[in-house]
Amino acid sequence: MSTVTLRDIHKTYVDNEVIKGVNLDIHDREFVVFVGPSGCGKSTLLRMIAGLEDITSGDLLVDGDRMNDVPPDQRGLAMVFQTYALYPHMTVAENMAFSLRLAGVSKERRMERARDVARILQLEPLLDRKPGKLSGGQRQRVAIGRALVRNPKVFLFDEPLSNLDASLRVQMRIELAGLHESLQSTMIYVTHDQIEAMTLADKIVVLQGGIVEQVGSPLELYHHPRNLFVAGFIGSPKMNFLAVQTTGVQDSGTTVRLPGDATITIPVQPRTLMAGDRATLGIRPEHLRIDASNPTLMGEVLVVERLGGETYLYVKVAGGDTFIVQTDGDSRAKVRDRVPVSIDGNLCHLFDGAGQAIPKAERHPLSLTHHPEVPLQTEAPREQTYEQPIQPHEVPRQAE
Amino acid sequence: MTSSIATPTHSPPPARTRSHRSIPARLLVAPSVILLVLWMVVPLAMAIWFAFQRYNLLIPDEREFVGFANFTYILTDPTLWISIGITMVLVVSVLAITIGLGTVLAVLFNQEFFGRGVARVLAISPFFVMPTVSALIWKNMLMHPVNGLFAQITRGLGLGAIDWFADFPLLAIIIIVAWQWLPFALLILLTAIQSLDTDQMEAARMDGASAMQLFRFVVLPHLNRAIAVVAMIETIFFLTIFAEIFVTTGGGPGLATTNLAYYIYLKALLEFDVGGASAGGLIAVVLANVVAIFLMRSVARNLDT
Ligand SMILES: Nc1ncnc2c1ncn2[C@@H]1O[C@H](COP(=O)(O)OP(=O)(O)OP(=O)(O)O)[C@@H](O)[C@H]1O
Ligand SMILES: [Mg+2]
């Protein structure tokens, strides 16, 4: 068992509060990914768990024991740094076995352990090299090996793959997933990369400005984002947003009027929205269709991005907003074409004036599966961010 | 094949541009090269020339070629060997003090503490004091057996005074030179420490390193090169320490503080034996080169890894 629990964790640098009360339960064998914009406090949070930063207030529990004042090496955690942070004057084997050397393990025993770990990571031929003579991917593997040697309860990763090139990143991502599968240990992972977050995580924690915006499985965040920020942050290209007016609220759904006078009914629960309220409609590029038989909006193509397999159209629709529409790679659309955009109400998200999502009437079937032992966190308690209520988000507008 | 056609047409231009460029470039560096060569070669040539002459300023008319007589005379002079021994003691002990203390201070000055900026400036300032001046300060204000600060303190404690330059002359010189050169070592080692990746320190902390182990396994290996560079530069200067000895002990008492540079000075300007001094100078050059080659080897090995 290795669980990590954060209870109302705060971090203040001089008089700059960067972590504003984070509550989080990380379960045994869970792969948790922290995401968020640059400067939101992901690294700070991870370093507080590691013991490299003091915790200003709140409790950090590992396996139920309070760890706030325990030195980093005695917390049973191991960290992999973005810059690898290998010791340049030691060989690969010495690097990996350094913690054992400090612990007074005999040379034979620690070299044996280093060899065992090297076998797992395919580093055996490199054991006698110095880090300066390794490629980036090999260095990263040594850094992971150094963490593995310690047999930690919890692995901490701070953007471990961001210094690698794209193809190596894919390969290492798959290896990391395999490692998690075989070690069955708890992992906490910070990344900028959406794909890493979506593919590796059992649970994603979305941070912004030092508070947790939402915690949930990748598909839960994708299908049921709790507010405009999460909706815009998860998914690439970004979700399209459109200012709309509520015209009717029924049990089966809420009807809204779009700028071009078209109306759509979105199957959300009747909650705070009243007829006449202003709201924000969100729809992902991959859920929009170019469909002449059932157009909701007409728009003009501004930019065409062809990726081969798919094509992104930047379409200016009535009301002046620009939508990103994902169509297939064979789309014949050209710049300045007028295209019919079809919006399916079932795939839309609706946000109230304060930027909070109106819960969907039905949950997406895939977003119900979650970590086996973990209760669903769909309606994560709002209180955890009570200190700083989420600001009403502006509806992002694309350039005219 | 297309590639075999393409290459010959492409290769000549770079060669031509290089030759075009090299002529003015050589012309432009010529003045400094010529000056350097003259500056190095002329004194060396003159020293070699004089080393093979009988040339005493007291009897300048009796100049004549004497072959290796000056060398045999100098090399059989026991004073030379004493002075070489003293030079070595001086170099090694000042190196040990400046690098040892410099490393410790560099680690301390790298910590955050109140008034760090002022402390750093103060620690570096001795380097800006001229050797003669600092030697005078030490001689008259600090180590003087009657007026010196040390004597006053020890006498105040009822311990009596130490006459540094009479009782521990070499140690006194070592202390003065070390005081002057400590800032240099500190400066270089401090910049080296500041270039140490903080992630590495943090990784070592997570691996369970104590403060001492952090120093031993992470900081010290990182400082290796900087220490080698400091040792090399300092050695070059310490082989020719002169002003400090001239101002304080005058090589004495007896020969207790006569190093090679001072010995040559004694030969040339007190015995007016230009020939003998030149021969001594050449021996010093050879010695410096032996040390330099030895040091370069070890530094180069350090720079490799
Ligand atoms: N030592 C420090 N002193 C003062 N402020 C700091 C310190 N370290 C970080 N901060 C601030 O804390 C905030 C969070 O930093 P942090 O490094 O955790 O961001 P991050 O989410 O990891 O960003 P990135 O994705 O760019 O790595 C930032 O606004 C940063 O300026
Ligand atoms: Mg970071």
Side-chain angles (χ1 to χ4, degrees), chain A residues 14 43 46-53 70-91 94-105 110 129-133 139 142-152 154-160 163, chain B residues 99-100 102-104 106-107 110-117 188-232 295 297-305:
Chain A
V14 195
S43 299
L46 194 75
R47 291 164 53 80
M48 283 198 285
I49 297 172
L52 297 171
E53 296 282 353
V70 176
D73 56 302
Q74 286 159 33
R75 296 188 179 189
L77 318 174
M79 181 148 168
V80 176
F81 294 81
Q82 179 178 358
T83 56
Y84 319 133
L86 300 177
Y87 313 119
H89 51 279
M90 297 183 198
T91 64
E94 286 166 349
N95 257 287
M96 294 201 293
F98 185 57
S99 57
L100 301 179
R101 180 172 177 188
L102 294 176
V105 176
R110 57 178 200 252
R129 285 217 213 152
K130 297 245 171 101
K133 294 186 174 137
R139 278 180 219 186
V142 176
I144 293 171
R146 189 169 63 183
L148 273 177
V149 163
R150 299 185 51 202
N151 217 347
V154 182
F155 285 90
L156 309 175
F157 296 91
D158 192 353
E159 305 195 30
N163 285 356
Chain B
I99 289 175
T103 310
V104 173
V107 172
N110 195 38
Q111 316 287 324
E112 290 285 347
F113 60 86
F114 179 74
R116 181 170 72 164
I188 303 244
L189 295 176
L190 184 58
T191 41
I193 282 193
Q194 284 171 343
S195 73
L196 176 56
D197 186 10
T198 51
D199 279 359
Q200 241 182 72
M201 302 275 273
E202 289 178 344
R205 270 174 68 197
M206 297 228 47
D207 276 346
S210 64
M212 272 316 290
Q213 285 169 327
L214 217 57
F215 178 74
R216 158 89 180 71
F217 292 113
V218 181
V219 177
L220 212 50
H222 176 77
L223 289 182
N224 229 339
R225 289 172 196 197
I227 288 176
V229 169
V230 169
M232 193 165 86
L295 279 168
R297 281 265 174 85
S298 67
V299 172
R301 205 176 31 239
N302 258 322
L303 296 184
D304 266 355
T305 48

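Note that these values count all heavy atoms, side chains included, but never hydrogens, waters or copies made by symmetry. All chains are named by letter (A, B, ...) in the order of the sequence lines, taking the proteins before the strands, and each is independently numbered beginning at 1.
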Given B:F217 and A:F98, is the ring-ring contact (aromatic ring centres under 6.0 Å, His included) satisfied, shown in steps? CA-CA 9 Å; B:F217 292 113; A:F98 185 57; 5.4 Å; yes

Go through B:D207 and A:R101 one step at a time and tell me if the side-chain contact (heavy atoms from CB on, under 4.5 Å) criterion holds. CA-CA 9 Å; B:D207 276 346; A:R101 180 172 177 188; over 6 Å; no

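For A:R150 (side chain) and B:M206 (main-chain N/O), a donor-acceptor pair under 3.5 Å exists by modelled atom type. Side-chain N or O atoms of B:H222 include none that pairs as donor or acceptor with a backbone N or O of A:P88 at under 3.5 Å.
One distance of note links CE of B:M201 with OH of A:Y87; it measures 10.5 Å at 0.5 Å rounding.
If you measure heavy-atom distances from B:E202 to chain A, the contacts under 4.5 Å come from both the backbone and the side chain. Contact annotation for A:L100: neither backbone nor side-chain heavy atoms come within less than 4.5 Å of a heavy atom of chain B. No part of A:R75 comes within reach of chain B, as not one of its non-hydrogen atoms sits under 4.5 angstrom from that chain.
No side-chain heavy atom of B:D199 sits under 4.5 Å from any side-chain heavy atom of A:Q82. Under the 4.5 Å side-chain criterion, counting only non-hydrogen atoms from C-beta, B:D197 is not in contact with A:F81.
Taking both residues in full, the closest heavy atoms of A:A85 and B:A203 are given as O-CB, 3.9 Å, listed atom of the first, atom of the second, then distance. Here the shortest heavy-atom pairing between A:D73 and B:R205 reads CB-O, 3.6 Å.
When the candidates A:Q74, A:R146, A:K133 are compared by the number of heavy-atom contacts under 4.5 Å with chain B, A:R146 comes out ahead.
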